[in-house]
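Here is the structure we will look at.
Just so you know, ligand 1 is whichever comes first in the structure, and atom 1 is the first atom listed for that ligand. Owing to the predicted nature of the structure, the values given are computational and were not obtained by experimental measurement.
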Amino acid sequence: MIEGVLLKGYGGFYYVYAEDRVWECSLRGRFRVKVQDFLPGDRVRILPEEEDKATIEAVEPRRNALSRPTIANVDQALLVFALTSPKPDLNLLDRLLVQVTDAEIEPVLVFTKIDKLNKASLTKDSEQPYVPDVYRKIGYTVFEVSNETGQGIKEVGARLKEKISVLAGPSGAGKSSLFNALSPGKKLKTGKLSLKSKRGRHTTRHVELMVCAGGLVADTPGFSALFLPNLKRAELAECFPEFAQRRRQCRFNSCIHDKEPNCAIKEALESGEISPTRYEHYLIFLQEVIEAERRY
Ligand SMILES: Nc1nc2c(ncn2[C@@H]2O[C@H](COP(=O)(O)OP(=O)(O)OP(=O)(O)O)[C@@H](O)[C@H]2O)c(=O)[nH]1
Ligand SMILES: [Mg+2]
Ligand SMILES: [Zn+2]
C-alpha cells in the first residue's frame with residue numbers, strides 16, 4: 001500500500017496523488033457507504049491495481065478542514081491581493097487573516113501586479129504607507145510578485161514544497177495567474193478584467209488540489225465578502241499579532257481595546273506603532289463579533 005493525498009472526487013472516482021503521479025481510485029467496500037466523508041487534502045492509503053488505477057483502503061484523521069473552500073489538512077493559505085487594479089481591499093485582507101489565523105492555518109501574503117505599480121508616484125505620496133511593508137512589520141510573510149514578468153515567483157514557489165496550500169483573495173487579484181506562473185505548462189483559466197468595473201469575472205468555480213511547484217495547491221473562486229468565524233470578543237485580538245503581543249500591558253485584563261482607559265493597543269496606535277487601518281478594521285470586526293454574540 002502507498003500513501004497519498006486526495007486531489008478531488010469526480011464522476012464516482014477519486015484522484016489521488018502518490019509517488020509523483022495521479023491515481024484514479026475507487027472505494028473499498030466499507031467506504032462506499034459514507035462517500036461524502038472525503039475531502040480534497042485527505043491523506044489516504046491506496047492499493048495499486050493496474051496501470052494508474054487503485055483502490056482507497058484507509059483514510060487518516062484530519063488535522064483541520066476549511067469550509068470555504070472545502071479542503072482538509074491545509075498547511076497554509078496564500079492570501080493573494082493586487083497592489084493595484086484593483087486596489088487592495090484591506091478590510092477583506094484583514095478579515096481573511098482573522099479567519100485563517102483562527103483556523104490555525106499559516107497565512108502567507110502575496111501581492112501581485114508589482115509590474116503595474118508606479119514606484120515614482122508611491123514615493124511622492126508618502127502619506128500612504130506602502131501596504132506590503134505594513135504587513136511585513138507586523139511579522140507576516142509577505143511576497144511581492146508579477147505574474148507577467150515572473151518577478152518574485154520563484155520565492156513563492158519555494159514556500160509550496162510538500163505542503164497543502166490554498167489560494168484565497170478577491171476576484172481579479174491574480175490567483176489563477178499566480179498558479180500558472182508557478183507551474184508553467186499547466187494552464188488555468190484566468191479572467192480578463194472588465195475595464196468598466198475593474199473586477200474579475202469569477203472564472204474559477206470548483207475546488208480541487210493540483211500539483212504545483214512540488215506541493216499541492218487549491219485555486220479558489222474569488223470572494224468579496226466573508227463572515228467571521230464564531231469568535232468571542234476576547235479572541236478577536238488574538239488574531240491580530242501586533243495586538244496580542246501588547247495585550248498584557250493594558251490596564252484591564254478584560255480590555256477589548258475599545259473604550260477602556262490605559263489601553264496599550266491604543267497607545268501603540270497613537271505612537272504610530274500600530275497601523276490606523278488595522279485598528280479601524282479591528283473595531284469593525286469587534287462590532288460584528290459583539291452583534292453575533294447577542295444572537296446566540
Ligand atoms: N500586469 C499584471 N496583470 C496580472 C497579474 N496577475 C494577474 N493579472 C491579470 O489580472 C486579471 C485577473 O487575473 P486572474 O488570475 O484571473 O484572477 P483571479 O484571482 O484568479 O480571479 P477569479 O478567478 O475571478 O477569482 C487577468 O487579466 C490577469 O492577466 C500581474 O502580476 N501583473
Ligand atoms: Mg481564478
Ligand atoms: Zn487594550
Between E273 and K137 (salt bridge meaning N to carboxylate O under 4.0 Å), is one present in this structure?
no
Between E106 and R159, is there a side-chain N and carboxylate O pair less than 4.0 Å apart?
yes
Ligand 1 contact on [X] by region, counting heavy-atom pairs under 4.0 Å:
X    : result
D115 : side chain
P170 : backbone
K116 : side chain

Regarding S176, does it place an N, O or S atom less than 2.8 Å from the Mg ion (ligand 2)?
yes
Same apolar cluster (I L V M F W Y, side chains within < 4.5 Å links), L27/I2
yes
Connected via hydrophobic side-chain network under 4.5 Å: M1 and I46
no
Side chains of residues 252-263: which donor-acceptor pairs under 3.5 Å do they make with residues two or more places apart or in other chains?
residue, atom, partner, partner atom, Å
E260, OE1, H257, N, 3.3
E260, OE1, D258, N, 2.8
E260, OE2, I256, N, 2.8
N262, OD1, R251, NH1, 3.1

Nearest to atom 28 (C) of ligand 1 by heavy atom, S146, S177, S171, A82: which?
S177
Is the closest N or O pair between [X] and ligand 1 shorter than 3.5 Å?
X    : result
V145 : no
G174 : yes
N147 : yes

Apply side chain to side chain donor-acceptor pair (under 3.5 Å) to R247 and list each qualifying residue two or more places apart in sequence or on a separate chain.
E238
Is a donor from one side chain sitting under 3.5 angstrom from an acceptor on the other, for Y15 and D52?
no
Donor-acceptor side-chain pairing of N147 and T112 below 3.5 angstrom
no
Before giving the answer on side chain to side chain donor-acceptor pair (under 3.5 Å), spell out for S146 and D115 the whole-Å C-alpha distance, their side-chain angles and the decisive distance to 0.1 Å.
CA-CA 6 Å; S146 167; D115 56 290; 2.8 Å; yes
Using a cut-off of 2.8 Å, count how many protein N, O or S atoms are strictly closer to the Zn ion (ligand 3).
4
Who pairs with F243 by ring pair (Phe, Tyr, Trp, His ring centres under 6.0 Å), at least two apart in sequence or on another chain?
F240, Y282
